[in-house]
There are 2 protein chains.
Amino acid sequence: MMNMTNAELNDQDLDQIRRICEEAGIKLTHQRLEIFKELMTARDHPSAEDIHRHLQKRMPTVAIDTVYRTLATFDELGIARRLHLANNRNLFDTNLAPHHHFICDACRKVEDVYWPDFDSTALPEEISAIGQVRSRHLELHGLCTACLEQSGE
Amino acid sequence: MMNMTNAELNDQDLDQIRRICEEAGIKLTHQRLEIFKELMTARDHPSAEDIHRHLQKRMPTVAIDTVYRTLATFDELGIARRLHLANNRNLFDTNLAPHHHFICDACRKVEDVYWPDFDSTALPEEISAIGQVRSRHLELHGLCTACLEQSGE
DNA sequence: TTCTTGGATAAGAATAATTCTTAATAACAT
DNA sequence: ATGTTATTAAGAATTATTCTTATCCAAGAA
């Protein structure tokens, strides 16, 4: 669920997206700005369709393809992260702080998990033979509190 | 890539699949047995299509739908694990020992990673407020040695 | 052995998510 | 203001997966 207030950016965020587009040599179009706003105000992990649906209220002609294309661009630029958590569906994350995810196997809800001690733990040496690790992402699977209560009734 | 030798099962594995099907109350059909063989002899993380393609050499009429259906069944029975690593494509894993994955961001190759020390580390307490964790899966992203060499040339 | 029954399968249609093609549009530099 | 070029909208196309349905087949009953 996206939040339902009208997406608004503070000047700092506006400067950020301006600078990022300039540095990347791409144009700051109306569509890119609005999709950026949606991402910054989303409190969960929206799919491209979530963003498109919400955005249509303000921009009725925006194409779903533009949303997909822009999210892919943002992922490349490091503004958003594409997650492969759900079955056959990409979710997007704007929380760029190091964090991990809890996924409820029943309702598929995704919650952010912070574990800085783990983030700073050295990886086992054997991995250097496989390749060079640039990032780590932990997925915790189980049942969320809401689904636990339901199954306990 | 699936291995190219003819898939053969040892008696132990055959007993295992027999017992699992019986316990689950489902029939051990020819298709299920052959798909199980493919999984047991695959050394990587095959997609449904990989398995179907390879299996067609021995069973020309097998339907891709049967492969999907059977893999879903095996996932439910705990014989295989469905992985959401790739974009828009499910991969399957028969390595049922606790392990994690290294994914090369360049060539998308997936390698198994073992890290028992991490597996036995207690999770942060805060997670109990989110839900009950049943399994953990770590994804390490980066560049594999082959892609590192290529990019270094 | 033949019959019956129900689960499993093949074939192909249907669906869902995503990406591609193309012509029109709009951002930005000049 | 104008031209250049990236970007967009629209809808078609593609890809992966699942569904529908008629058929098949294995195992137990007669």
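Naming convention: chains lettered A, B, ... in sequence-line order (proteins, then strands); numbering from 1 in each chain. Note that these values count all heavy atoms, side chains included, but never hydrogens, waters or copies made by symmetry.
- If you walk DNA chain C from 5' to 3' and mark each nucleotide with an atom closer than 4.0 Å to a heavy atom of chain A, the marks span dA17(C) to dC28(C).
- In this entry the distance linking CG of N87(B) with C1' of dT14(D) reads 14 Å, nearest Å.
- The nearest pair of heavy atoms linking S128(A) to E125(A) is OG-O, 2.8 Å.
- Here dT7(D) presents its P atom at 13 Å from CD1 of I35(A), a figure rounded to the nearest Å.
- The ring-ring contact (aromatic ring centres under 6.0 Å, His included) contacts involving residues 27-52 of chain A comprise H45(A)-H101(A), where partners must be two or more places apart or lie in separate chains.
- Within a 6.0 Å sphere centred on CD of Q16(B), heavy atoms belonging to other residues, nucleotides or ligands number more than 12.
- Taking atom NE2 of residue H84(A) and atom P of nucleotide dT17(D), one finds them 13 Å apart after rounding to whole Å.
- To the nearest 0.5 Å, atom CZ of residue R32(A) and atom CG of residue L77(A) are 8.5 Å apart.
- The hydrophobic cluster containing F102(A) does not contain L85(A), counting ILVMFWY residues as joined when their side-chain heavy atoms lie under 4.5 angstrom apart, directly or transitively.
- Of all the residues in residues 20-27 of chain B, I26(B), K27(B) reach under 4.0 Å from DNA chain C with at least one non-hydrogen atom.
- Applying the side-chain contact (heavy atoms from CB on, under 4.5 Å) test to Y68(B) and every residue at least two apart in sequence or in another chain returns A48(B), I64(B).
- Atom-to-atom, CZ of R89(A) to P of dA16(D) comes out at 18 Å; the value is rounded to the nearest Å.
- For residues 69-80 of chain A, the pairs satisfying side chain to side chain donor-acceptor pair (under 3.5 Å) are D65(A)-R69(A), T66(A)-R69(A), with sequence neighbours left out.
- A side-chain donor-acceptor contact under 3.5 Å links N90(A) and N87(B).
- In this structure, R136(B) satisfies the cation-pi test against F118(B), with its NZ or CZ atom closer than 6.0 Å to the six-membered ring centre and inside 45 degrees of the ring normal.
- Regarding contacts with the backbone of dT17(D), a side-chain N or O of N90(B) is found under 4.0 angstrom from either OP1 or OP2.
- Atom CZ in F92(B) sits roughly 10 Å away from atom C1' in dT17(D) (whole-Å rounding).
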Problem - Test log, rule side-chain contact (heavy atoms from CB on, under 4.5 Å), inputs L140(A) and H100(A) - result: CA-CA 8 Å; L140(A) 301 173; H100(A) 307 279; over 6 Å; no

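- Side-chain N/O atoms of H141(A) and E139(A) include a donor and acceptor closer than 3.5 Å.
- The distance between atom CD of Q31(B) and atom P of dC24(D), rounded to the nearest whole Å, is 14 Å.
- Using a 4.0 Å cutoff on non-hydrogen atoms, the parts of residues 60-82 of chain A near DNA chain C are D65(A), Y68(A), ordered by number.
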